[in-house]
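Comments concern the structure below.
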Amino acid sequence: MLRFAPSPTGDMCVGTLRVALFNYICSIQRKEPLLIRIDDTDSERNIPGKEKEIFEILDLFGIQYQEQQLQSNNLRFHRAMALQLLQDKKAFNCFCTPEPIEAKRYDGACENLPAEEVIDNPLPFTIRLKKPNHPITVTDLIKGESTFTPDEIDSFVLMSAKKYPTYNFACAVDDMLYDVSLIIRGEEHLTDTPKQIAIHEALGYTKKVEYAHLPILMGETVSIKWLLEEGFLPEAISNYLILLGNKTPCEIFSLQEAIKWFDLRLLCKDPIHFDIEKLRAINREHLRGLNPKELSRYIGFADEEIGNLAKLFLEEASTLKELRVKVGAVFAPKNVPDEYKEEFERLRDLTLKAPHFDDYESYKTYLINLSGLQGENLLKPLRHLISGAESGPELADLYMFVKNYLKEVAK
RNA sequence: GGCCCCAUCAUCUAAUGGUUAGGAUUCCAGAUUUUCAUUCUGGCCAUAGGGGUUCGAAUCCCCUUGGGGUCACCA
């Protein structure tokens, strides 16, 4: 079992989606199920609705999973395990207030409190795990081996004074309960790992869990929702996120193709920068690969010709949003600069009165003959007339896909 | 600050002790298409610094510097 465990505390960002993607790929490669676990133990930070958004994004990106779980539903197990550890003397009640410990290492004051002092104590208390008596080595598929001393692991809190589990405890218990075999998560969790291993050891859980901690994605606060609104295709976003900090056989690929060759161990270990320019280039390639009808639907039409027209604009546009603007300008009322307003009007009148020309050359010849315009004086206003822009693709190419709408475009 | 990870153009990367240090994105210049944009061709741009090891180092070792992570009753 693999798991992806996001918190419903904000919009999903590119760094988080990358973790989801890698978990999905590895679950397919290893033929193991994938669990989506919503880590919602901090009820104060949870944002209603975010959980639904997470699942919608996973669906949109084609990340299939076999199980889903709300971490808060396992509260009874967390409490039962905490009790168990207390009984086994692997954990102890701690009556210290948070302030004195702040910023310093916990002094272990409550570790050896006599039973009567514990029982008589009216103060709120946390439950801490007794720090391990030996170093713990984490073996990571990407980072290699790291060893942590007992002092680094410390007697950390398992259950808060409100009797809710801390992240490390809930996480370790749930991973055990669901028999998770490989944990892929962000590098920020690397130092949590020895703590979670310590919990497993205290609980007598001996399964050897594999770990892979991904290097930080800098600028990772870019939200998926925003990228989607900007008109990036999910397949382009996943392409980019898999490409980043990775050695891939090619640059443009689908998620399904990546499953064939993806290897966690090839990921680079240093932090990487999210580069939206590169994403734009990749998005453009994916847009090019779409069939015209599909593309036209993405930008609000349902017509193969409009799709082909949009593909022309891919010379300068990289996102669906930009494409909508370009194609929209073709059909929108034209705002003509004074510089060639007169010529524009002349061409417009001629176009509205014109018969249908199947090819651009005939249309152009017709305009040259009746308007007396040529060269720049013809082409600049003509470009504006049929595209609503001052620059853009070849006029002959534009004409091919615009000719059936010519009267509408020129009106 | 302690501990840990990392280090090739601006960015993502290639080069597994022997290459002219390669590609992609960005940027710039020429070219071509009766306008522009595109496209094409070309160009700029890197082994962080210092010591070793070696016939030979981007590659192995050490130090320095720089970047990042972490040190919660958050996840």
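Lettering follows sequence order; numbering is per chain, from 1. As a basis for the values below, the full set of heavy atoms in this structure was taken, side chains included, without hydrogen atoms, waters or symmetry mates.
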Considering only the P atoms, how many Å lie between B:G30 and B:U13, rounded to the nearest integer? 34 Å

Is there a side-chain contact between A:K131 and A:F156 (heavy atoms, below 4.5 Å)? no

Taking for each residue the nucleotide of RNA chain B bearing the nearest heavy atom, is the 5' side occupied by A:S391 or by A:R45? A:S391

P-based separation of B:G67 from B:C73 [nearest Å]: 29 Å

Between B:A37 (P) and A:K380 (NZ): distance, integer Å: 10 Å

Let me know the distance between CG of A:L373 and P of B:U35, rounded to the nearest Å. 16 Å

Under 4.0 Å, counting only non-hydrogen atoms across every strand here, what does A:T9 touch: a base, just sugar-phosphate, or nothing? nothing

Quick one: which residue pairs count as a salt bridge (Lys or Arg N to Asp or Glu O under 4.0 Å) with a foot in residues 383-408 of chain A, not counting sequence neighbours? A:D358-A:K403

Heavy atoms only, 4.0 Å cut-off, all strands: where does A:I368 land among base, sugar-phosphate and nothing? base

For the ring pair A:F22 and A:F4, is the centre-to-centre distance below 6.0 Å? no

Partner nucleotide of B:U16 by Watson-Crick or wobble geometry (both distances under 3.5 Å): none

Can you tell me how the ring of A:Y205 sits relative to the ring of A:H200, calling it parallel under 30°, perpendicular over 60° and tilted otherwise? perpendicular

In terms of side-chain heavy atoms of A:E376, which of B:U35, B:C36, B:U70 is nearest? B:U35

B:C12 versus B:A29 - spacing of their P atoms, nearest Å: 26 Å

Between P on B:U70 and NZ on A:K143, what's the gap in Å once rounded to a whole number? 11 Å

Looking only at atom C1', what distance separates B:A10 and B:C44, rounded to whole Å? 12 Å

Expressed in whole Å, how much space separates the C1' atoms belonging to B:U59 and B:U8? 11 Å

Nearest-angstrom distance from the residue atom CG of A:L312 to P of B:U39: 13 Å

Mind checking A:T41 for me? I need base, sugar-phosphate or nothing, with any heavy atom below 4.0 Å counting as a touch. sugar-phosphate

Side chain of A:E315, heavy atoms from C-beta onward: which of B:U70, B:A37, B:U35 has the nearest atom to it? B:A37

Just call it for A:K163: base, sugar-phosphate, or nothing, with non-hydrogen atoms closer than 4.0 Å on any strand. nothing

Determine, for A:D11 against A:K50, whether the closest basic-nitrogen to carboxylate-oxygen distance falls under 4.0 angstrom. yes

CD of A:E152 versus P of B:C4: gap in Å, rounded? 7 Å

Which is true for A:E394 with a 4.0 Å heavy-atom rule: it touches a base, it touches only sugar-phosphate, or it touches nothing? base

Can the ring centres of A:F169 and A:Y164 be said to be less than 6.0 Å apart? no

Would you please indicate if the ring centroids of A:Y240 and A:H286 are separated by under 6.0 Å? no

Which nucleotide in the list B:A75, B:U34, B:U70 gets nearest to the side chain of A:E188? B:U70

Nearest-neighbour nucleotide for the A:Y167 side chain, B:U26, B:U34, B:A75 considered: B:A75

Using the P atoms only, state how far B:G42 lies from B:A24, rounded to an integer number of Å. 10 Å

The side chain of A:T126 lies closest to which of these nucleotides: B:C73, B:G68, B:C6? B:C73

Comparing nearest nucleotides in RNA chain B, the 5'-proximal residue of the pair A:K195, A:Q71 is A:K195

Whole-Å gap separating C1' (B:A37) and CG (A:L309): 15 Å

Side-chain H-bond candidate by donor/acceptor type, A:N283 with A:S318, under 3.5 Å: no

Any strand is fair game: report the nucleotide pairing with B:G1 by Watson-Crick or G-U wobble, both distances under 3.5 Å, or none. B:C71

Separation of the P atoms in B:G22 and B:C28, to the nearest angstrom: 23 Å

Give the rounded distance in Å between these two atoms: OH of A:Y211 and C1' of B:C4. 17 Å

How does each nucleotide of nucleotides 9-16 of chain B score, in 5' to 3' order, for protein heavy atoms under 4.0 Å: base (B), sugar-phosphate only (S), or none (-)? --SSSS--

What distance, rounded to whole Å, do you find between the two P atoms, one in B:A58 and one in B:G52? 15 Å

Can you establish whether the number of heavy atoms outside A:K130 located under 6.0 Å from its atom NZ is more than 12? yes

Report which part of the nucleic acid A:T191 touches: base, sugar-phosphate, or nothing (heavy-atom distance under 4.0 Å, all strands). sugar-phosphate

Output the rounded distance in Å from NE2 (A:H189) to P (B:C74). 15 Å

Any donor-acceptor pair, under 3.5 Å, between the side chain of A:D192 and the base of B:A75, if you only look at N and O atoms? yes

Under 6.0 Å from the six-membered ring centre of A:F125 and within 45° of its axis: does the NZ or CZ of A:K163 meet both? yes

